[in-house]
Amino acid sequence: MVSLGAAVAWMADFAAVVAEHEAELTDLDRAIGDADHGANMARGMAAVAGLEPGGFADAGEYLKKVGMTLVSTVGGASGPLYGTFFLRFAGALGSGPGAALKAGLDGVLARGKASVGDKTLVDALAPAVSSFESALTDGAGEDVAWGVAAEAAESGCEATIPLVARKGRASYLGERSAGHQDPGATSMALLLGCAARTLA
Amino acid sequence: MKKLINAPADVVAEALVGFERAHAGRVRVDHANRLVLRGDAPRRGKVGLVSGGGSGHEPLHAGFVGPGMLDAACCGEVFTSPVPDQVIAATAAVDGGAGVLHIVKNYTGDVMNFEMAAEMVAAESGVRVESVVTDDDVAVQDSTWTAGRRGVGVTVLLEKIAGAAAEEGRDLDAVLDVARRVAEGGRSMGVALTSCTVPQAGRPTFDLGEDEMEVGMGIHGEPGRHRVPLSPAREVAEMLVEPVLADLDFTGGPAIVLLNGMGGTPLLELYLMYGEVAALLEKAGVTVARNLVGNYITSLEMAGCSLTVLGADDDLLRLWDAPVDTPGLRWGA
């Protein structure tokens, strides 16, 4: 189960990590997008870090507010995608973190209409979700599963480098988008890395 | 970067202050939500028209708020889509009981933010919302493998024509039908001679040599089909007309033509270009029934222009001719 305290620690960690990697995310986005991913995520996570956790009954209620906050503050495509991820994740958290991750992924797929291999944040999230599930099926505990999921997200993110973008602004570049790591997959891998540190 | 601004982060908010002063009484500005609203909104029984997008394309969209066109425009940061909160607030502010049409340009962020707003409106209020997405930029090829064609010049024509349909009292289904006919019946192609500079970026979005131009660039400086040597206007006109006509047949009826400036090209050149383009269209068998020449959907200070051709019929022409009274487009009123 994910406690309110753990969820708050997860978001605090992610806010710090995004602030630390802001320039890197923006540089990745400058290469194939419009150079605002770092600033947009930093603005959104600063707003999330400012939420007063005392007002929430549980992790689900808190993460729902996180989703709403990101939708309202991030803008672009990342706002709706990250916002939807947290709204759906929060809604399914009662059935456990595996179900929450799966619901988050389904929400992102429905919102963005991207598939694995389109060079988007789905390329980090989808392998993390399936790795988390298989780890649990293999008898591992949730703590181990989060670590496995974070590693899968990291590999998925690196695997976006040779891909040609098929969704989002990078897709207008066609073949010229190959050779660059996707900024959205990068921030998603960071989010799951934070989850492994705080939720495990 | 040479711009008439105070601080890059304040550009949109401060421009809205000036816009409100310039058009006091005709429009209202909701500064908290960054909305420009028709002065007399909501109009009882009239379908409300809400559009919006990143700032930097003026007069689109705020300049097209007024009788005969939009009821509200949601102003995002420069080249960044508005967030759902803005669209929800705009929808509530213009709903006169007949439903609201969202007019959205096809960019990943714009589509998702408007979609989320429409879902939240549906879940939390009784207002009926329909959406139309413009995607007329033929420069985007292989659209199955990309985010799809971008929404550009057709958006201006759609806001005028659907606005007239709503103004004359058509219901939401009928306004939506008109909007879809415009969205499906128009195609555009642009050319950039220089880049634009986003205030917060502080440097040109792309590098273009003194003797080069980008054919098919987008209104945010997205890459086009190819980069070619700067050419005489007559040849540039061919580069715009040819791909538009190759994508859709416009010989079957009257056409409305927009020769649009990107913000940094003088009207002298735009009229010269219109002459070249109109001659080519005529030669190809297209009957240009109406035209519009000027800066209507811009890309900050980018030099260049775009061509939009819309296949029309008597109904669309009549709606085009109907009175319109907005800061950016006005006739018959």
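Values reported hereafter were calculated over all heavy atoms of this structure, with side chains retained and with hydrogens, waters and symmetry mates removed. Just so you know, these numbers come straight off a predicted model, no measurement behind them. Note on naming: letters A, B, ... go to the chains in the order of the sequence lines (proteins, then strands), and numbering restarts at 1 for each one.
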Distance in Å, A:Tyr172 OH paired with B:Met217 CE, rounded so as to fall on 0.5 Å steps: 13.0 Å
Side chain to side chain contact (heavy atoms under 4.5 Å, CB included) assessment of A:Lys167 paired with B:Thr108: CA-CA 8 Å; A:Lys167 282 284 180 290; B:Thr108 307; 6.0 Å; no
Euclidean distance, A:Ser72 OG relative to B:Ile88 CD1, rounded to 0.5 Å: 8.0 Å
Region of B:Asp137 that comes under 4.5 Å of a non-hydrogen atom in chain A: neither
Distance (rounded to the nearest 0.5 Å) between A:Asp34 CG and B:Thr205 OG1: 9.5 Å
Chain B interface, residue from A:Asp36, A:Leu81, A:Thr84 that has the most non-hydrogen pairs under 4.5 Å: A:Leu81
Test item: B:Asn113 side-chain N/O and A:Pro80 main-chain N/O as donor-acceptor pair under 3.5 Å: no
Heavy-atom donor-acceptor pair, A:Ser171 side chain to B:Ala147 backbone, under 3.5 Å: yes
Under-4.0 Å salt bridge between A:Arg111 and B:Glu119: yes
Contact check, side chains of B:Arg150 and A:Arg169, non-hydrogen atoms, under 4.5 Å: no
Interchain contact, B:Glu115 with chain A, by part (heavy-atom threshold 4.5 Å): both
Shortest non-hydrogen separation from B:Val83 to A:Gly75 and the atoms involved: CG1-CA, 3.8 Å
Proximal component of A:Ala165, with respect to chain B [non-hydrogen, under 4.5 Å]: backbone
Euclidean distance, A:Lys113 NZ relative to B:Met112 CE, rounded to 0.5 Å: 7.5 Å
B:Arg225, CZ atom: more than 12 neighbouring heavy atoms under 6.0 Å: yes
Contacting moiety of A:Leu70, where chain B heavy atoms sit under 4.5 Å: neither
